[in-house]
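Remember, it's 1-based here, ligands and their atoms both numbered in the order they're listed.
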Amino acid sequence: MSIDAEAADKILEKIKTVNSGLNLWLEKAQALYRGEDNLYLIEVPDPLHKKTLSSKYAEDILSVLRSEINTGVALGIEVRRDLAAKKDTVPKITIREQQISLPLDTKPEFVPYLNTKYKFDNFIVGSSNRFAHAAALSVADTPGQSYNPLFIYGGVGLGKTHLLHAIGNAIYEKNPQTRILITTAEKFLYEVVQKIRENKMNEFKDRYRSVDLLLVDDIEYFQQRGEAAKEEFFHTFNELYTLNKQIVTTCDSPPQELKIEERLKSRFEAGIVADIQAPDFETRVAILKQKARENNKFVPDNVIGYIAEHIENNVRSLGSTLLTTIAMAAHINDEITLDIAKQAIKTSNPHFETAKKIGIDLIQKVVADYFGLKVQDLSSKKRPENIAKARQIAMYITRNLTEYSLVQIGQYFGGKDHTTVMHAINKIEKLVKEDEKFKPMIDELIIRIRK
Ligand code: ADP
Ligand code: MG
C-alpha cells in the first residue's frame, strides 16, 4: 500500500478527532509514512509533546493507524524544533454552542458554562476588592504567566464567582479558540465518582488535562471526602501548571485555613492569593447604582443610601434588596421611595433589624416640616437661601445624632460630596456658637426628632 504525503496528513487529521488530548498534542504535528519500514512517523515540536504522546496516546494513535494502514504498522514520534513556529492549521475544539466548528465525529468538550452577565465591565472596584480585581485582570491579559495559579477567597456573595466568570469571558472574547473549562469543586468531585463508576476516567483525565484555562469555583468543597477526586485534581493541577496553563480557583477561606492535604494547600499558597472583603459604603453605593442602571430604573439617592447603609456585608443581598424595592414600587405607582425600600429590606432580609435608632429620613422629615418644605427639597440641587439653610441644618443634626459618616450623609442629601457636607456642618456649628437665636432652634428640632 502506498501512502503519499497527502494521505499521511489525512490520517493525522483523523487521529486528532479521537479525543481532545490528541487534538491538543498534535496541533502542530506533521506526519509522513515510510513504506519500506511500514512506519508512520509523527513529528512534534518538543520533547514534552513526544513524551506525552508516546506515554499516553500511543495506543489511541495505533488503533487508527491499524485500521487506516495495516495491522503491522509501527509508530514513530520524533522532535522537530522548527514545528514550534508553525501556525495552527486546524480549528481547535471550540467553545460555546454557537461557535462549534468541529470535525463531525468529535464531541464538543469545551463548552464552558460561562455566565455572560459576569464581566469586568460591570464589576465595581473598591478598596475591598481592588487587588483581586487587578489580579483577575492580569490573568485575563496574560494567562498562564505571572499570576498562576490565582486563588481568590472571600465571604459569601462578595463577587468571587463574578470575577471567575469575568476572567473566562474576557479570555474567550479575545480568543474563542482557548479551551476553557469552568467548574466547581463540587461538580468535579461528582464527575470523578461518576467517571470511575462508568470506567471512563481516562476520558475525564484527557479532558481536564488538555485545557488552556481551568476555572474552579468553591474549592472549599475539597474539604469533604472524595479522595480519588482530590488525587485527580492534584494531578490535573500539576500537569496544567507544568504546561503553563492558567488555573484560577475561588474559596470561602484562605488556603492556610483549608482542611485539605498539605501538598494541595501548598500549591495554592505558592501562587497568588487575593482576598475580597465586604465592600465599604461607597462601593456599595456604586454597586447599587450600577444595578439600577442595569435595570433601567431611576432610583433616588436617598433610597440607594438607605439600602447601602443597611446591607453591609453581602453584595448579593444588596442587589436582591434593590430588585425587591423596584418590584414592590412597580406594584404601586413605579415611584421608588424610601418607605418602599424599608419594606423591601425587611422582605428580602428576614433577620434585618434597623440598627440605627434615628434615621436620616426622620431627621429630614422633621426639619422639612419645621421649615415648611418638602423632604425632597433637602436632597435636591435647589439653592434658594431657605432650602440651602434647612439642608445644612439637617446635615448638622444628622452628624450629631447619628453615626453616619460624611460620605454617607452626602449620599442621603442628593449625592453631595463629603466636602460639601463638611462645609455645611462647619457653617452651622459657627452659627450655633455665634447666633444666640440659632441654638434654641436646633434644640427644638432635636427634641422633635427624639420624640
Ligand atoms: P460569591 O461567589 O463571592 O459568593 P458572586 O460572585 O456570586 O459572589 O456575587 C453575588 C452577586 O453580587 C452577583 O450578582 C454579582 O454580580 C454581584 N457582585 C458581587 N460583587 C460585585 C461587584 N464588585 N460589582 C458588581 N456586582 C458585584
Ligand atoms: Mg460563588
Exercise for review: Would you please indicate yes or no on a ring centroid separation below 6.0 angstrom for Y208 and F233?
Suggested key: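 When the ring centroids of F233 and Y208 are compared, they turn out to be at least 6.0 Å apart.
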Practice item. Just let me know how N122 lines up against ligand 1, side chain, backbone, both or neither, with a heavy-atom cut-off below 4.0 Å. Key: backbone
Exercise for review: Tell me which part of K291 gets within contact of ligand 1: side chain, backbone, both or neither, using heavy atoms under 4.0 Å.
Suggested key: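 Side chain only.
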Review point. Counting distance only, does the side-chain N/O of H165 pair as donor-acceptor with the main-chain N or O of K119 below 3.5 Å?
Key: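 No: the side chain of H165 does not pair with the backbone of K119.
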Point to revise | T250 near the Mg ion (ligand 2): N/O/S under 2.8 Å | key: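 For T250, the answer is no, given that no N, O or S atom comes within less than 2.8 Å of the Mg ion (ligand 2).
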Exercise for review: Show your reasoning for whether ring pair (Phe, Tyr, Trp, His ring centres under 6.0 Å) applies to F204 and F188.
Suggested key: CA-CA 10 Å; F204 180 87; F188 190 94; 5.3 Å; yes
Under-4.0 Å salt bridge between [X] and [Y]:
{"X": "K297", "Y": "D334", "answer": "yes"}
{"X": "E191", "Y": "R207", "answer": "yes"}
{"X": "D369", "Y": "R448", "answer": "no"}

What is the nearest protein non-hydrogen atom to [atom], stated with its residue, atom name and distance?
{"atom": "atom 14 (O) of ligand 1", "answer": "Y118 OH, 3.8 Å"}
{"atom": "atom 4 (O) of ligand 1", "answer": "G157 N, 2.7 Å"}
{"atom": "atom 8 (O) of ligand 1", "answer": "G159 N, 3.1 Å"}
{"atom": "atom 7 (O) of ligand 1", "answer": "R316 NH2, 2.9 Å"}
{"atom": "atom 2 (O) of ligand 1", "answer": "T161 OG1, 2.7 Å"}
{"atom": "atom 16 (O) of ligand 1", "answer": "H162 ND1, 2.7 Å"}
{"atom": "atom 18 (N) of ligand 1", "answer": "V315 CG1, 3.2 Å"}

Point to revise | Distance-minimising heavy-atom pair for A29 and V44 | key: CB-CG1, 4.2 Å
Check your understanding: Does atom NZ of K265 have more than 12 heavy-atom neighbours from other groups under 6.0 Å away?
Key ->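 Buried by this count: over 12 neighbours within 6.0 Å.
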Point to revise | The single option from N129, N122, N115, T250 passing side-chain hydrogen bond (donor to acceptor under 3.5 Å, both in side chains) against H162 | key: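 By the side-chain hydrogen bond (donor to acceptor under 3.5 Å, both in side chains) criterion, H162 pairs with just one of N129, N122, N115, T250: N122.
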Say whether [X], considering both its backbone and side-chain N or O atoms, lies within less than 3.5 Å of an N or O atom on ligand 1.
{"X": "L158", "answer": "yes"}
{"X": "I124", "answer": "yes"}
{"X": "F123", "answer": "no"}

Enumerated ligand 1 atoms positioned under 4.0 Å from heavy atoms of [X]:
{"X": "G155", "result": "3 (O)"}
{"X": "N129", "result": "23 (N)"}
{"X": "K160", "result": "1 (P), 2 (O), 3 (O), 4 (O), 6 (O), 8 (O)"}

Exercise for review: Test I152 against V248 for side chain to side chain contact (heavy atoms under 4.5 Å, CB included), laying out the working first.
Suggested key: CA-CA 8 Å; I152 301 172; V248 184; 4.3 Å; yes
Practice item. Examine R263 relative to F234 and say whether NZ or CZ is less than 6.0 Å from the centre of the six-membered ring and inside a 45° cone about the ring axis. Key: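 Yes, cation above the ring, under 6.0 Å and within 45°.
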Check your understanding: Does some non-hydrogen atom of A286 fall short of 4.0 Å from ligand 1?
Key -> no
